Amino acid sequence: MTVALKSPRVPDHVVDAQFTGRWSPRAFTAETMSEEALLTLLEAARWAPSAVNVQPWRFAWGLRGDAGFAAIAGALVPFNGWAKEAAALVAVASKTTRTASDGSEVANPSHAFDAGAAWVSLALQAHLAGWAAHGMGGFDAEAAAKALDLPEDHVIHAIVAIGRIGDPASLPEALRAREVPSQRLPLSALAGHGKFPA
Ligand SMILES: Cc1cc2nc3c(=O)[nH]c(=O)nc-3n(C[C@H](O)[C@H](O)[C@H](O)COP(=O)(O)O)c2cc1C
């Protein structure tokens, strides 16, 4: 469905429409997602850049109605209960170490940065394919690690809900007003020429 924007997103500089068009809804239609459609999104994430091409991102996924979905959904905080209506859930983790040339395991300081790149690739591919992906930090990390067999030296960063954008009327009243794409700080507050903005 097309959502009428209360305040349209207008970039400070011209960018491809995918960047302003992607947003994070909480209302999803009842449409299910095929495994192939979900794997396409993870494929986009797979091609993200990473330091030394370590590819530290890891994903655990489930489709609504299956055991994987229930395992991920069970870790969500109550505020994110809306995500249980999504077509798919993906837990995004990364391996915090990498194997050095001498075979030892050393810390990988860019694991979280790289996992962030992978999640955005997933979200943009979802948007391009007519889905919407909504990242959530609101989950019980211990419960998720246990339910999803998180290996040692890994950390879960977020759970992503994916679905087709639905009718805000399906949401609890408190969430309905928020069902609109958000704005951004001006670019001048985020980027400085030769130095960071104060
Ligand atoms: C790491 C991360 C954690 C987030 N956690 C939550 C969350 O727990 N619940 C929620 O409803 N939205 C959550 N969000 C969604 C953000 O609020 C949203 O991305 C932000 O307001 C920008 O809006 P947009 O994605 O629609 O452009 C999270 C987003 C990110 C990237």
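We use all heavy atoms of the structure for the numbers below, so side chains are in, but hydrogens, waters and symmetry mates are not. Whatever order the structure lists ligands and atoms in, that order sets their numbers, starting from 1. Heads up: numbering here begins at 1 and tracks the sequence. Note that this is a predicted model, so its numbers are computed, not measured.
Residue F79 approaches ligand 1 through these ligand atoms, each under 4.0 Å from one of its heavy atoms: 9 (N), 11 (O). Per-residue contacts place R9 under 4.0 angstrom from the following atoms of ligand 1 (heavy atoms of the residue considered): 24 (P), 26 (O), 27 (O). Atoms of ligand 1 lying under 4.0 Å from any heavy atom of W23, numbered from 1 in the order shown and given with element: 26 (O). Heavy-atom proximity to G138, at under 4.0 Å, picks out these atoms of ligand 1: 8 (O).
Among protein heavy atoms, the minimum distance from atom 9 (N) of ligand 1 is reached at N80 OD1, 2.8 Å. Considering only non-hydrogen protein atoms, atom 12 (N) of ligand 1 sits nearest to H134 NE2, 2.7 Å. Scanning the protein heavy atoms around atom 20 (C) of ligand 1, the nearest turns out to be S182 OG, 4.5 Å. With respect to atom 2 (C) of ligand 1, the closest heavy atom belonging to the protein is G137 N, 4.3 Å. The shortest contact between atom 29 (C) of ligand 1 and any protein heavy atom is with G135 O, 3.4 Å. Ranking protein heavy atoms by distance to atom 19 (O) of ligand 1, first place goes to S24 OG, 3.5 Å.
Counting only non-hydrogen atoms, the option in R26, R178, Q183 that gets closest to atom 11 (O) of ligand 1 is R26.
When atom types are taken as modelled, the side chain of D167 and the backbone of S170 share no donor-acceptor pair closer than 3.5 angstrom. A donor-acceptor pair under 3.5 Å is absent between the side-chain atoms of R64 and the main chain of L89, judged by distance alone.
In this structure, CG in L76 is found 10.0 Å from CG in D140, a value given to the nearest 0.5 Å. Note that CG of D149 and NE2 of H154 are 12.0 Å apart. Values are rounded to the nearest 0.5 Å. From I72, atom CD1 reaches atom CE of M136 across 9.0 Å, with rounding to the nearest 0.5 Å. Residue T32 holds its OG1 atom at 8.5 Å from CG of L63, rounded to the nearest 0.5 Å.
Checked against a 3.5 angstrom limit, the closest N/O atoms of A158 and ligand 1 fall outside it. Between W119 and ligand 1, a contact under 3.5 Å exists for no N or O pair. Taking any N or O of R184, backbone or side chain, at least one lies under 3.5 Å from an N or O belonging to ligand 1.
Proximity of W57 to K95: side-chain heavy atoms (C-beta onward) are nowhere separated by under 4.5 Å.
Using 4.0 Å as the threshold, E179 has no heavy atom nearer than that to any atom of ligand 1. Note on ligand 1: H157 sits outside its first shell, no heavy atom being nearer than 4.0 Å. Heavy-atom distances between F139 and ligand 1 stay at or above 4.0 Å for every pair.
Here R46 pairs with E43 in a salt bridge; the nearest charged N to carboxylate O distance falls below 4.0 Å.
Atom 17 (O) of ligand 1 is not flagged as protein-proximal [any protein heavy atom, distance under 4.0 Å].
No hydrogens or angles considered: a donor-acceptor pair under 3.5 Å links the side chains of T99 and E105. Side chains of H134 and S24: a donor-acceptor N/O pair is absent below 3.5 angstrom, by distance only.
Taking hydrophobic clusters as Ile, Leu, Val, Met, Phe, Trp and Tyr residues chained together by side-chain heavy-atom distances below 4.5 Å, V160 shares a cluster with L39.
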